[in-house]
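First the structure, in the form of structure tokens, and then the observations on it.
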Amino acid sequence: MTKVFGEGPSAVRALDDVSITIRENEFFTLLGPSGCGKTTLLRLIAGFDHPSEGIILLQDQDISHLPPYQRSVNTVFQSYALFPHMTVAQNIAFGLEMLGRPKSEVTDTVGAMLKLVRMEELRDRRTDQISGGQQQRVALARALAPRPKVLLLDEPLSALDYKLRKDMQIELKRLQDEIGITFIFVTHDQEEALTMSDRIAVMSDGRALQVGTPRQIYDHPAERFVADFIGDTNFLTADLLSADAGRAQIRLSSGREIGADLPEGMRASGTATVVVRPEHADLVAHSAAESDLKGVLENIVYIGTDTHYHVRVDGGEAFVVRSQNLRDRDESFQQEQPVGIAFKPDAAQVLRD
């Protein structure tokens, strides 16, 4: 699917041949920086815009040019868009009443939604008299009340403070599991995406670079942008020596030869960029036999749960090792000390160009 805004030389290609299959009843996240196309894609699914090329199928029905009210899709906006002069219960009932549902059905559904979002005691409170987290729950309940097949969520947690946002991440996943409908969630927050999603599409410049589970995206990034955008990482240059069934033999700058994961379809020849997560390596003695790289320890950063060791590898590349701080840990490394870096099994991943 493609979406172009404008015409001629000033035209902007907001989506560039994006093709994604989202499974029924999954929590699917569109993740990427501002301007990557994720909100444009959400608006196309909602019906607020229409694709320039391609189609949108909802359970095999082409909904590409249907107006929003004819799609079994509801949206929770960043601003929540509640009616401040109405009570919590009235806000939840509003959409059902506009659809002409029987009064008894509206009453039963409102009660069920209030129970689902745990707000029965606030049913008669006006929405301008409740907290931001409570307003977010009301917006969710109102969107879920008509039982849409798909619920779209456009960065709904961005206005909440850190602790409440963490609580609502768990709450959103609970709601999705309990009601069993498809959630499509838009965010630029990597931690949110990893915490809640069944699968993630990482987007950049109008393209979906990689789609996979949180673990697949984090542990096996296929593109440099994906590896860099999701969490902290180290990039190394290595020679590709051979490949077999998704694994490659590579030679590091130290001359050490190790195995690494290889993206599907990539040839194992020439030089390539290799990624190693900081927690997938250990700091060892400079003379240790298991050392894959050697260098000088330039800085030690203590951050409570972990310690980050910043190493300047022989040859000039920077490398960070992250170690969990254990209560009985014996800290024997000092700044400016020669050290070795040992990779854990399957730590190295070759990236596409």
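Values reported hereafter were calculated over all heavy atoms of this structure, with side chains retained and with hydrogens, waters and symmetry mates removed. Quick caveat, the model's predicted, so the values are computed rather than measured.
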Look at [X] together with [Y] and state whether they make a salt bridge at an N to O cut-off of under 4.0 Å.
X    : Y    : answer
E97  : R101 : no
E120 : K115 : no
D219 : R215 : yes
K173 : D198 : yes
D346 : R247 : yes
K294 : D314 : no
R118 : E171 : yes
D16  : R207 : no
D232 : R277 : no

Query - Residues F183, F28; criterion ring pair (Phe, Tyr, Trp, His ring centres under 6.0 Å); working and verdict - result: CA-CA 6 Å; F183 277 26; F28 191 91; over 10 Å; no

Would a single hydrophobic cluster contain both [Y] and [X], if residues Ile, Leu, Val, Met, Phe, Trp and Tyr are joined by side-chain heavy-atom contacts under 4.5 Å?
X    : Y    : result
M203 : V4   : no
L140 : I130 : yes
L351 : F229 : no

Query - Minimum heavy-atom distance between L157 and M196, given as atom pair plus value - result: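 Smallest heavy-atom distance, with atoms named: CD1-CE, 4.4 Å.
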
Query - Atom of R199, atom of I22 and distance for their closest heavy-atom approach - result: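 Between these two residues, the closest heavy atoms are NH2-CA, 3.8 Å.
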
Query raised in the report: Which pairs count as ring-ring contact (aromatic ring centres under 6.0 Å, His included) when at least one residue sits in residues 94-125, sequence neighbours excluded?
Result: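 Non-adjacent pairs meeting ring-ring contact (aromatic ring centres under 6.0 Å, His included): F83-F94.
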
Report task. Report the residues that fulfil side-chain hydrogen bond (donor to acceptor under 3.5 Å, both in side chains) with Q249, sequence neighbours left out, ordered by chain and then residue number. Result ->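 Once residues adjacent in sequence are excluded, Q249 has no partner under the side-chain hydrogen bond (donor to acceptor under 3.5 Å, both in side chains) criterion.
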
Query raised in the report: For residues Q134 and S131, is any side-chain donor paired with an opposing acceptor at under 3.5 Å?
Result: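 There is such a pair (donor and acceptor under 3.5 Å, judged by atom type) between the side chains of Q134 and S131.
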
Requested in this report: Taking atom types as modelled, find out whether T187 and E155 have a side-chain donor-acceptor pair closer than 3.5 angstrom.
Outcome: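 Side-chain D/A pair, T187 to E155: absent.
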
